[in-house]
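Single-structure report; data block below.
Per chain, numbering begins at 1; letters A, B, ... match sequence-line order.
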Number of protein chains: 2
Amino acid sequence: MADTPSSHTRERIVGAASAIFADKGFDGARVDEIARRAGVNKAMLYYHVGDKQALYTAVLTHNLERVEEALAAASATEGPASARLQAVIGAIVGIVHSIPDHPRIMLREIASGGANLAPEVLRRMLGMIEVVGGLLAEGREAGEFRDTDPVLTHLSIVGAALFLTSINPLRERAAELGTALDLSAAETDIAGLLGDLALHGVSAEPRKGNEK
Amino acid sequence: MADTPSSHTRERIVGAASAIFADKGFDGARVDEIARRAGVNKAMLYYHVGDKQALYTAVLTHNLERVEEALAAASATEGPASARLQAVIGAIVGIVHSIPDHPRIMLREIASGGANLAPEVLRRMLGMIEVVGGLLAEGREAGEFRDTDPVLTHLSIVGAALFLTSINPLRERAAELGTALDLSAAETDIAGLLGDLALHGVSAEPRKGNEK
DNA sequence: CCCCCATTTAACCAAACGGTTAAACTAACT
DNA sequence: AGTTAGTTTAACCGTTTGGTTAAATGGGGG
C-alpha cells in the first residue's frame, strides 16, 4: 500500500465505485458514471482495477476489511458478556454509519443470494457471523443469557442494523408524500434501541426499566 | 378482476415479473426474460401491463396487497397485546415465506432509497408501519410493554424478518465453500425466535424461560 | 359467410452499455 | 537529447437492451 500516485488514483476509483454501487446496485451502476465520479478516464478503471466485476469485488473487500477491524476491536473488550454484546452492537451500528455504502450493498447481496459475491468475499462475511454467536454462547454459559439460536440471533441483530440504517433516505421520499411519520433516526438512537432490545431479548434475568 | 383470458395472461406476466425482479432487481431484470418465463411474446407485456416501470409497480402492488390482508387479519385478533404481537410477527414471517419474492424486492428498495417506488406504493408501505407501532402503544398503556420507540421497533422486527428469510439462498453458496456454518432456517424457526426475542425485548416483566 | 375487434407474433430499431486500443503524454534516468 | 516505462486520453466497437410496429390470427355476432 505505498503512497504512490497510482495507488491514490486506485483509491479514488474504488471510493467512487463504492458510492455508485451502493446507489444503483451492480446492474444499475454505469461504468462511465463511476469514472466520471472518480474524475478519471474510463480506461483507467480497467488499467488500475479491472472490469466491472473486479471493481465490485475491490469495493466489497475494502469495505469488509473496515468492518472486520471494528468488530474485532469491539469484541476484544473486557467485562461481562452483556456489556460486550452492547459494545459489539454499538460497533456494528457505528461502522455501518461510518461506511453508509456498505449496508446498502449488503442488503442487495442478500436479496440476490450473493450472485455477485466472489468466494473470498463470501468467506469473509461468514467469518463475522461467528463473532456474535460466540459471544452469545459465552453469555449463556455464564448464565447471563437465555438459550437462543446464536446464528439466527446474530442475523437478526445485523439485519435490523442494516435495515434501520439504510432506510433513512426513504424518509425524504416519504416526506414528499406529506406523511406524518418520521422515519429518521440518529446513530445513537439506533444503537440504543438495538442494544436495549437485544439485551432484554436475550437476557436470562429481567433488567431494570427503560433506558430510552 | 374478471376471469377473462386477458386477465389470466396478465397474472402470468405479473407472476413471472415478480420472480425475475426478485432474482435480479429492477436494473438486472431483462424484459425478454420476463416474457420468456411468462411464456408470452414480449410485446404482450406492453400490451397487457405497460413498460418495465409499470411492470414493476404492478408486481409491488400485487404483493403488497397480500401482505396488507395478512397483516390486517393478524392484528385484528383478540387478547392481550403480547399475544397479538406474537400473532403479527407470525403473520409477517408467514406471508414473507409464502411470497418469497416480496422480501427480496423490498430489501433492494430499501437499499436504493425507494428509487423505483411509485408514490402510491410507498404510501402503502408507510401505512403498514403503524400496525406494529399501534400495537406497541397499546401494550405500553396496558403496562405489558416497556417504553420503546414504536417506529424503530417495528422496523427492527420487519428488517430482521426480511433479512432472515432472504438470507437462506446464501446457504447454498456458503456450502460450496465447505463452511461448517448452517444458515438455513425454517419458517417456524424464524417466527419462533423473532417472536421470542421481540417479546422479551419489549416486555415490562420477565417472562418464563426459554421457548426454544 | 364476412366483418370486427381483441389478441398475438416476428421483425425491427435507436440508444446505451461494457470493454478495447492505438496513440499521446510525463517524468525519471542515461 | 534520447530512451524507457508508467500513465492517461479520445475515439471506437460489437452486443445487448427496452421499446415499437405493421401484419397476422382467431373467434363471436350480424
What I want to find out is whether Arg84(B) reaches Glu78(B) closely enough, with some N-O distance under 4.0 Å, to be called a salt bridge. no
Tell me: CZ of Arg10(A) to P of dG6(D), nearest whole Å? 17 Å
Under 6.0 Å between the ring centres of Phe21(B) and Tyr56(B)? yes
To the nearest angstrom, how far is Asp27(B) atom CG from dT16(D) atom C1'? 15 Å
What's Ala29(B) touching, base or sugar-phosphate or nothing? Going by heavy atoms closer than 4.0 Å. sugar-phosphate
Can you measure Asp51(A) atom CG to dG18(C) atom P for me and round it to whole angstrom units? 11 Å
Write out a two-atom table: protein N or O, nucleotide N or O from nucleotides 9-14 of chain D, distance below 3.5 Å.
| from | atom 1 | to | atom 2 | distance (Å) |
| --- | --- | --- | --- | --- |
| dT9(D) | OP2 | Asn41(A) | N | 3.4 |
| dA10(D) | N7 | Asn41(A) | ND2 | 3.2 |

Examine the side chains of His8(A) and Arg12(A) and answer whether a donor and an acceptor come within less than 3.5 Å of each other. no
side-chain contact (heavy atoms from CB on, under 4.5 Å), that's the test. Do Gln53(A) and Phe26(A) meet it? Break it down for me. CA-CA 8 Å; Gln53(A) 183 64 56; Phe26(A) 183 82; 3.7 Å; yes
With sequence neighbours excluded, residues passing salt bridge (Lys or Arg N to Asp or Glu O under 4.0 Å) with Glu69(B): none
4.5 Å side-chain heavy-atom contact, Asn41(A) and Tyr47(A): no
Take atom CD of Glu33(A) and atom C1' of dC17(C), then tell me their distance rounded to the nearest Å. 13 Å
The nucleotide from dG19(D), dC17(C), dT8(C) with an atom nearest the side chain of Lys52(B) is dG19(D)
As a test of reading the structure: which of dA6(C), dG18(D), dG18(C) is closest to the side chain of Tyr47(B), going by heavy atoms? dA6(C)
Value in whole Å for how far the C1' atom of dG19(C) lies from NE2 of His48(A): 17 Å
Gln53(A) CD to dC17(C) C1': how many Å, rounded? 16 Å
Would you call Arg123(A) and Glu120(A) a salt bridge, using N to O less than 4.0 angstrom? yes
In whole Å, what is the span from the CG atom of Leu55(A) to the C1' atom of dG19(C)? 13 Å
In whole Å, what is the span from the CD1 atom of Ile34(B) to the C1' atom of dT16(D)? 16 Å
Please determine if a side-chain N or O atom of Arg30(A) lies less than 4.0 Å away from the OP1 or OP2 oxygen of dA16(C). no
